[in-house]
Amino acid sequence: MSISFKEAVGVHADALHLRAERTRVLAANIANENTPNFEARDMDFGAMLERMRDDDGGELPALGADGEALYRVPFHPSRDGNTVEIGVEQAAFSQNSSDFQTSLTFAAMKFKGLAKAIGGQ
């Protein structure tokens with residue numbers, strides 16, 4: 001009898017995958033803080049996670065191609081058309097990092113429980 005990774009850790013595998021993708025998007029926003037006409041992007045984490053869970057394959061939906069990318073509306077528009085606000089991006093990046101660590105901790109606890117069960121403890 002084999003154990004599926006997705007069944008073993010539940011939603012946390014998909015959450016880790018999405019958090020890693022969101023980290024990439026937020027890092028790109030921060031890196032392009034001074035790029036004229038750059039539009040800051042983000043994703044609706046909850047909607048994308050639900051979509052991944054509903055999808056049989058569990059594939060990460062493509063950002064941008066089918067409207068999954070969300071663009072931030074700046075609080076204070078800049079003259080050069082850049083919508084990156086560094087404080088907003090840093091806060092989102094920090095929160096995403098914390099959420100990633102939380103999901104990683106839950107996945108690790110699941111694996112420890114599985115290891116105990118396999119070991120007969």
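Nothing fancy with the numbering, it's 1 onward along the sequence. Given the structure is predicted, the values throughout are model-derived calculations rather than measurements.
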Is [X] reaching over with its side chain to a backbone N or O of [Y], donor-acceptor style, under 3.5 angstrom?
{"X": "Ser94", "Y": "Gln90", "result": "no"}
{"X": "Thr83", "Y": "Pro74", "result": "no"}
{"X": "Asn96", "Y": "Arg19", "result": "yes"}
{"X": "Asn82", "Y": "Asn32", "result": "yes"}

Atom [atom1] of [X] and atom [atom2] of [Y]: how far apart are they, to the nearest 0.5 Å?
{"X": "Lys116", "Y": "Ile118", "atom1": "NZ", "atom2": "CD1", "value": "13.0 Å"}
{"X": "His12", "Y": "Lys110", "atom1": "NE2", "atom2": "NZ", "value": "6.0 Å"}
{"X": "Leu114", "Y": "Met109", "atom1": "CG", "atom2": "CE", "value": "12.5 Å"}

Please give me the minimum heavy-atom distance between [X] and [Y], naming the atom from each residue.
{"X": "Arg22", "Y": "Ala92", "result": "NH2-CB, 3.9 Å"}
{"X": "Asp44", "Y": "Leu70", "result": "N-CD1, 3.5 Å"}
{"X": "Asp80", "Y": "Ser78", "result": "OD1-OG, 2.7 Å"}

(request) Report, as yes or no, whether the 6.0 Å neighbourhood of atom CZ on Phe106 holds more than 12 heavy atoms from other residues, nucleotides or ligands. (result)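 Counting other residues, nucleotides and ligands, CZ of Phe106 stays at 12 neighbours or fewer.
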
(request) Please check if Met43 and Met52 belong to a single hydrophobic cluster, counting links between Ile, Leu, Val, Met, Phe, Trp and Tyr side chain heavy atoms closer than 4.5 Å. (result) yes

(message) Going by side chain to side chain contact (heavy atoms under 4.5 Å, CB included), Val84 matches just one of Arg72, Arg41, Glu89. Which one?
(response)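 Answer after filtering Arg72, Arg41, Glu89: Glu89.
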
(message) Walk me through whether Leu16 and Leu104 qualify under side chain to side chain contact (heavy atoms under 4.5 Å, CB included).
(response) CA-CA 7 Å; Leu16 285 170; Leu104 191 61; 4.0 Å; yes

(request) List the steps, then state whether side chain to side chain contact (heavy atoms under 4.5 Å, CB included) holds for Asn29 with Phe38. (result) CA-CA 8 Å; Asn29 290 348; Phe38 182 82; 3.5 Å; yes

